[in-house]
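Everything numeric here is computed off the predicted structure, so don't read it as measured data. We count residues from 1, following the sequence as given.
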Amino acid sequence: MSTDILRFATAGSVDDGKSTLIGRLLFDSKSIFEDQLDAVERTSRGRGEEQTNLALLTDGLRAEREQGITIDVAYRYFATPRRTFIIADTPGHIQYTRNMVTGASTSDLAVILVDARKGLQEQSRRHAFLATLLQVPHLVVAINKMDLVDYSQERFEEIKQEFTDFATKLDVSDLTYIPISALHGDNVVDRSINMPWYDGSSLLHHLEHVHIASDRNLIDARFPVQFVIRPQRAADPELHDYRGYAGTVAGGVFKAGDEIMHLPSGLTSRIAKILTADGELDEAFPPMSVTMLLEDEIDISRGDMLCRPNNQPVVSQDIEAMVCWMAESRKLTPRSRLVIKHTTRNAKVMVRDIRYRLDVNTLHRDEDAEDLSLNEIGRVSMRATQPLFADEYKENRLTGGFVLIEEGSNTTVAAGMIVRAE
């Protein structure tokens with residue numbers, strides 16, 4: 001079932017209709033419980049609105065409903081016979097950039113909404129850049145509120161060309177344009193009769209059929225060990241010497257009988273069995289959670305990694321990364337001391353240098369920057385107290401991503417993407 005789950009994030013400028021679009025998807029795909037719909041209808045009537053405000057299905061915080069905006073990342077789940085969906089509704093305001101990064105970091109696809117009346121806004125560009133920075137493989141530009149421009153094909157083509165010109169500066173591998181009206185449901189779940197000139201699929205049809213299986217790295221075998229299972233039941237001879245290594249496959253394909261290498265020791269062995277709660281498997285691949293048993297006894301603990309002898313990650317204490325700073329109480333400065341959580345390994349790190357601060361609106365690099373403040377993004381170099389087993393983020397989002405934690409408060413203060421491990 002893991003290949004049938006699509007995670008996608010919605011992004012765009014304020015009031016472009018992100019929450020309304022998700023509400024329409026849930027409503028038209030019949031994924032709302034009656035009591036949920038009744039509550040939204042009551043709230044809409046209480047606010048004096050003529051029709052049901054579907055945006056209320058995702059705007060859960062009282063402050064969001066009062067202001068009519070999205071503040072937090074709202075996650076919603078729904079399913080069709082073809083695929084299961086996890087939606088991250090992310091905020092549009094610049095002060096909530098960190099929320100956008102959080103929502104898009106695990107997404108397979110991003111839907112960038114653009115208001116057909118306003119065209120491409122600064123926030124639309126920012127979110128498109130952030131989506132590509134986070135290596136989201138698929139982008140859908142949903143040109144919304146087409147009903148307010150009389151379903152004009154000329155206006156659609158104009159915005160499409162404007163975004164295409166901007167996208168030449170970005171690393172976009174798959175880009176799709178869909179004209180929609182979230183309020184009325186045009187091209188959201190069903191094809192619209194109001195836009196006969198559009199010969200593409202509806203948004204839901206595209207989400208159901210976009211190919212994501214090949215987006216995962218199935219070449220570089222990576223298995224960060226999360227937990228060592230030792231039942232220690234002497235009465236059962238099968239479990240007396242049982243030693244299993246549990247974790248989530250972060251890359252590649254592992255099969256029983258394959259030769260593997262343990263990092264950091266460099267010792268090799270072979271996979272004896274691959275187990276799950278449902279029984280034994282012949283092979284495991286991302287993002288499956290499994291337990292591996294090896295033929296040889298090797299001293300392995302949490303934070304170690306299993307890989308191929310001839311295909312290893314970079315083992316390094318020195319990394320360069322793009323970092324999104326998320327803390328309000330302090331800035332990121334050279335010589336800042338933090339804790340890095342990379343795969344299943346935790347280590348202390350010190351920031352050695354801030355290479356530059358990136359203006360996500362103009363893509364300008366400020367190489368004179370001395371710190372990073374809340375929601376700012378920059379390239380930094382860091383030194384860890386113990387080796388990390390890292391890949392570049394563009395090669396593997398799981399072994400190339402990390403978070404930084406403030407040791408005293410245990411607060412997550414940054415998210416990072418490894419650019420280079422030395």
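Nearest heavy atom pair, residue A246 against residue F223, reads C-CZ, 3.9 Å. When every heavy atom of V249 is checked against every heavy atom of G252, the shortest pair comes out as CG1-O, 3.9 Å. The two atoms that bring I354 and L372 nearest to each other are CD1-N, 4.2 Å, heavy atoms only. Taking every heavy atom of both residues into account, Y393 and S105 meet most closely at OH-O, 4.0 Å. For the residue pair P287 and R216, the shortest heavy atom distance occurs at CD-NE, 3.8 Å. Across N396 and G251, no two heavy atoms sit closer than the pair ND2-CA, 4.0 Å.
Using a cutoff of 4.0 Å between basic side-chain nitrogens and carboxylate oxygens, R355 and E320 are scored as salt-bridged. Note on E407 versus K348: salt bridge recorded, some NZ/NE/NH1/NH2 to OD/OE distance being below 4.0 Å. A salt bridge links R352 to D318: one of the charged nitrogens lies within less than 4.0 Å of a carboxylate oxygen. The existence of a salt bridge linking R155 and E158 is confirmed by a sub-4.0 Å separation between a basic side-chain nitrogen and an acidic carboxylate oxygen. With respect to R222 and D391, a salt bridge is recorded, a charged nitrogen being found less than 4.0 Å from a carboxylate O.
Distance alone, capped at 3.5 Å, is enough to place a donor-acceptor pair between the T344 side chain and the V225 backbone. Side chain of Y245 to backbone of T291: no donor-acceptor contact under 3.5 angstrom is found. Checking side-chain atoms of N144 against main-chain N and O of A182 turns up a donor-acceptor pair under 3.5 Å. Here the side chain of R302 pairs no donor or acceptor atom with the backbone of P224 at under 3.5 angstrom. Side-chain N or O atoms of T276 include one that pairs as donor or acceptor with a backbone N or O of G279 at under 3.5 Å. In this structure a side-chain-to-backbone donor-acceptor pair under 3.5 Å is present from Q317 to A384. Without hydrogens or angle criteria, R7 side chain to S107 main chain gives no donor-acceptor distance under 3.5 Å. One N or O on the side chain of S202 and one on the backbone of V189 form a donor-acceptor pair closer than 3.5 Å. Checked by atom type and distance alone, the side chain of D258 pairs as donor or acceptor with a backbone atom of K255 at under 3.5 Å. A donor-acceptor pair is defined here as one N or O able to donate and one able to accept, closer than 3.5 Å; no such pair exists between the side chain of R191 and the backbone of D186.
Taking 4.5 Å as the limit, every side-chain heavy atom of L109 sits out of range of all side-chain heavy atoms of L139. Taking the side chain as every heavy atom from C-beta outward, V323 and L332 approach each other to under 4.5 Å. Counting only heavy atoms from C-beta outward, the side chains of P309 and E259 approach each other to under 4.5 Å. Side-chain contact between L207 and F85 is present, with at least one heavy-atom pair separated by less than 4.5 Å. You'll find the side chain of L218 reaches within 4.5 Å of the side chain of F285, heavy atoms only. Within the 4.5 Å cutoff, side-chain heavy atoms of P264 are placed close to those of F389. The closest side-chain heavy-atom distance from E162 to S124 is not below 4.5 Å. Inter-residue side-chain proximity for L293 and Y242 is flagged as met; some heavy-atom pair is nearer than 4.5 Å.
Exactly one residue among M322, E392, K394 makes a side-chain contact (heavy atoms from CB on, under 4.5 Å) with V419. That residue is M322. Only one option out of I212, D108, T84 pairs with I5 in a side-chain contact (heavy atoms from CB on, under 4.5 Å); it is T84. Screening I180, D115, V114, L113 for a side-chain contact (heavy atoms from CB on, under 4.5 Å) involving K145 leaves a single residue, D115.
Other residues, nucleotides and ligands contribute over 12 non-hydrogen atoms within 6.0 Å of the NZ atom of K341. Sparse packing is recorded around CG of D282, with 12 or fewer heavy atoms of other residues, nucleotides or ligands lying under 6.0 Å away. The 12-atom threshold is exceeded at CZ of R243, counting heavy atoms of other residues, nucleotides or ligands nearer than 6.0 Å. Crowding of L267 atom CG: a count of heavy atoms from other residues, nucleotides or ligands under 6.0 Å exceeding 12.
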side-chain contact (heavy atoms from CB on, under 4.5 Å), that's the test. Do L204 and T80 meet it? Break it down for me. CA-CA 9 Å; L204 182 61; T80 65; 4.3 Å; yes
Begin from the C-alpha positions of E370 and K331 and carry the test salt bridge (Lys or Arg N to Asp or Glu O under 4.0 Å) through to its verdict. CA-CA 10 Å; E370 298 179 353; K331 295 181 179 181; over 6 Å; no
Working for side-chain contact (heavy atoms from CB on, under 4.5 Å), residues L203 and N187: CA-CA 6 Å; L203 177 60; N187 283 337; over 6 Å; no
Between E376 and R357, is a salt bridge (Lys or Arg N to Asp or Glu O under 4.0 Å) present by the stated rule, with each step listed? CA-CA 7 Å; E376 290 185 336; R357 180 171 53 223; 3.7 Å; yes
Start with the C-alpha gap between I405 and L338, add the side-chain angles, then the distance that decides, and say whether side-chain contact (heavy atoms from CB on, under 4.5 Å) holds. CA-CA 6 Å; I405 300 167; L338 300 161; over 6 Å; no
Let me see the working for T248 and S289 under side-chain hydrogen bond (donor to acceptor under 3.5 Å, both in side chains), right down to the final yes or no. CA-CA 4 Å; T248 301; S289 296; 3.2 Å; yes
Step by step, would you call H364 with D359 a side-chain hydrogen bond (donor to acceptor under 3.5 Å, both in side chains)? CA-CA 5 Å; H364 172 71; D359 186 329; over 6 Å; no
What's the verdict on side-chain hydrogen bond (donor to acceptor under 3.5 Å, both in side chains) for Q386 and R345, showing C-alpha distance, side-chain angles and the deciding distance? CA-CA 9 Å; Q386 49 182 299; R345 171 163 284 217; 3.3 Å; yes
Before you tell me yes or no, could you show the steps for D299 and H262 under side-chain hydrogen bond (donor to acceptor under 3.5 Å, both in side chains), namely the whole-Å CA-CA distance, both residues' side-chain angles and the distance that decides it to 0.1 Å? CA-CA 9 Å; D299 182 15; H262 166 246; over 6 Å; no
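A cation-pi arrangement is absent between R379 and Y356 under the rule of less than 6.0 angstrom and at most 45 degrees off the ring axis. In this structure, R308 satisfies the cation-pi test against F254, with its NZ or CZ atom closer than 6.0 Å to the six-membered ring centre and inside 45 degrees of the ring normal.
Between F156 and W197, the two ring planes are tilted [angle within 30° to 60°]. Between F163 and F166, the ring-plane angle classifies as perpendicular under the 30° and 60° cut-offs.
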